[in-house]
Trainee: 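Mind having a look at this structure? Questions to follow.
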Amino acid sequence: QVQLRDSGGGLVQAGGSLRLSCAASVRTISSYAMGWFRPAPGKEREFVAAISWSRGSTVYADPVKGRFTISRDYAKNTVVLHMTSPKPEDTAVYYCAARWGTVGDLTRNDSNSWGQGTQVTVSS
């Protein structure tokens, strides 16, 4: 079982930048995919971005492509979501997620492990 601790949320102006971090406590992290989700109308949580620990491959949802970057730090077992040019519509609680398997497995959101969530508020 993986335990996640996400942090880094806060208030940011539109066009600014913000970094979210998610520290994972798990033995075989190289077998995992990790990423971020946020609530959306009609959905419990929608996919934002994901990364494969073993390959470093990344996937982004269309609304954040070109603005958000996800990366991993092996030394710290931490995934970082770098949010640039955020928009007011990016305001949400962001939840870190982890899943044994691939990025595709994670985005299906059928058996992810979750962090506690961190609030991001983008002011216009």
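The figures here come from the full heavy-atom set of this structure, side chains too, leaving out hydrogens, waters and symmetry mates. Please read all numbers here as calculations on a predicted model, not as lab measurements. The chain is numbered in sequence order, starting from 1.
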Trainee: List the steps, then state whether side chain to side chain contact (heavy atoms under 4.5 Å, CB included) holds for Thr121 with Val12.
Mentor: CA-CA 6 Å; Thr121 303; Val12 61; over 6 Å; no
Trainee: Could you grab the distance from atom CD1 of Ile29 to atom CG of Asn77, nearest 0.5 Å is fine?
Mentor: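 Going from the CD1 atom of Ile29 to the CG atom of Asn77 covers 4.0 Å.
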Trainee: Find out whether the Lys NZ or Arg CZ of Arg45 is both under 6.0 angstrom from the six-membered ring centre of Trp114 and within 45° of the ring's axis.
Mentor: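 Checked: cation-pi criterion met.
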Trainee: Would you say Leu4 and Val93 are hydrophobically clustered, going by side-chain heavy atoms of ILVMFWY under 4.5 Å?
Mentor: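 Looking at the clustering, Val93 is in a separate group from Leu4.
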Trainee: Would the number of heavy atoms belonging to other residues, nucleotides or ligands and lying under 6.0 Å from CD of Glu89 be above 12?
Mentor: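 Result for CD/Glu89: enclosed.
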Trainee: Check whether any side-chain heavy atom of Asn109 lies under 4.5 Å from a side-chain heavy atom of Phe37, and answer yes or no.
Mentor: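 Heavy-atom side-chain distance check passes, below 4.5 Å.
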Trainee: Do the side chains of Trp36 and Val2 join up, straight or via other hydrophobic residues, at under 4.5 Å, putting them in one cluster?
Mentor: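 Same cluster: Trp36 reaches Val2 through Ile, Leu, Val, Met, Phe, Trp or Tyr contacts under 4.5 Å.
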Trainee: Please check: side-chain N/O of Asp6 versus main-chain N/O of Gly117, any donor-acceptor pairing under 3.5 Å?
Mentor: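 Yes, Asp6 side chain to Gly117 backbone: donor-acceptor pair under 3.5 Å.
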Trainee: So if I apply the side chain to side chain contact (heavy atoms under 4.5 Å, CB included) rule between Val64 and each of Leu81, Ile70, Thr69, Val48, which one comes out positive?
Mentor: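 For Val64, the side chain to side chain contact (heavy atoms under 4.5 Å, CB included) test succeeds with only one of Leu81, Ile70, Thr69, Val48, which is Val48.
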Trainee: Check Asp62 with Lys65, please: is the shortest side-chain N to carboxylate O separation under 4.0 Å?
Mentor: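 Looking at Lys65 and Asp62, the cut-off is met.
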Trainee: Quick check: are there more than 12 heavy atoms from other residues, nucleotides or ligands sitting under 6.0 Å from CD of Gln116?
Mentor: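 For Gln116, atom CD is crowded (more than 12 foreign heavy atoms under 6.0 Å).
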Trainee: Taking the side chain as every heavy atom from C-beta outward, state whether Tyr32 and Val26 have any atom pair closer than 4.5 Å.
Mentor: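 Yes, side chains in contact.
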Trainee: Run the side chain to side chain contact (heavy atoms under 4.5 Å, CB included) test on Ser17 and His82 for me, step by step, so that the C-alpha distance in whole Å, both residues' side-chain angles and the decisive distance to 0.1 Å come before the verdict.
Mentor: CA-CA 7 Å; Ser17 67; His82 186 197; 4.0 Å; yes
Trainee: Could you please spell out the steps behind the side chain to side chain donor-acceptor pair (under 3.5 Å) verdict for Ser113 and Arg99?
Mentor: CA-CA 6 Å; Ser113 297; Arg99 171 82 153 84; over 6 Å; no
Trainee: Does CZ belonging to Arg108 count more than 12 external heavy atoms closer than 6.0 Å?
Mentor: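 More than 12 heavy atoms, drawn from other residues, nucleotides or ligands, come within 6.0 Å of this atom.
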Trainee: Quick one: do Val120 and Thr91 satisfy side chain to side chain contact (heavy atoms under 4.5 Å, CB included)? Show the steps, please.
Mentor: CA-CA 5 Å; Val120 172; Thr91 294; 5.9 Å; no
Trainee: Looking at Tyr95, is Arg38 sitting on its ring face, NZ or CZ under 6.0 Å from the six-membered ring centre and within 45 degrees of the normal?
Mentor: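 No, Arg38 does not sit over the ring of Tyr95.
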Trainee: Assess whether side chain to side chain contact (heavy atoms under 4.5 Å, CB included) is satisfied between Leu20 and Thr118, documenting all intermediate values.
Mentor: CA-CA 8 Å; Leu20 307 183; Thr118 184; 4.1 Å; yes
Trainee: Crowded around Gln3 CD? As in, over 12 foreign heavy atoms under 6.0 Å?
Mentor: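 No, because the 6.0 Å sphere around CD of Gln3 holds 12 heavy atoms or fewer from other groups.
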Trainee: Would you name the heavy atoms of Thr102 and Asp105 that are closest together and state the gap between them?
Mentor: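 Residues Thr102 and Asp105, closest heavy atoms: N-OD2, 2.9 Å.
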Trainee: Look at the side chain of Ser52 and the backbone N and O of Arg55, then say whether any donor-acceptor pair between them is shorter than 3.5 Å.
Mentor: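 Pair found, side chain donor or acceptor close to backbone of Arg55.
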Trainee: Between Arg72 and Thr78, do the side chains contain an N or O donor and an N or O acceptor separated by less than 3.5 Å?
Mentor: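 Absent: no donor and acceptor within the cut-off.
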Trainee: Are the side chains of Ser123 and Leu11 in contact, using a 4.5 Å heavy-atom criterion?
Mentor: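 Leu11 reaches Ser123 side chain to side chain.
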Trainee: Any side-chain heavy-atom pair from Val103 and Leu106 closer than 4.5 angstrom?
Mentor: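 When only atoms from C-beta onward are counted, Leu106 and Val103 do not touch, as no gap falls below 4.5 Å.
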Trainee: Nearest 0.5 angstrom please: Asp73 CG to Cys22 SG, how far?
Mentor: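 Separation between the atoms: 12.5 Å.
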Trainee: Determine the minimum heavy-atom distance between Ser124 and Pro88, stating which atoms define it.
Mentor: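 Nearest heavy atoms, Ser124 then Pro88: CB-CG, 3.8 Å.
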Trainee: Is it the case that the ring center of Trp53 lies less than 6.0 angstrom away from the ring center of Tyr74?
Mentor: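 Yes - the distance between ring centres of Tyr74 and Trp53 falls below the 6.0 Å cut-off.
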Trainee: Should Asp90 and Arg67 count as side-chain neighbours, where that means a heavy-atom distance under 4.5 Å?
Mentor: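 Of all side-chain heavy-atom pairs linking Arg67 with Asp90, at least one is under 4.5 Å.
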Trainee: I'd like to check Met34 versus Cys96 (side-chain heavy atoms, cut-off strictly below 4.5 Å). Are they in contact?
Mentor: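 When only atoms from C-beta onward are counted, Cys96 and Met34 do touch, with a gap below 4.5 Å.
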Trainee: Are Leu18 and Val80 linked, directly or through intermediate hydrophobic residues, by side-chain heavy-atom contacts shorter than 4.5 Å (ILVMFWY only)?
Mentor: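 Each belongs to a different hydrophobic cluster.
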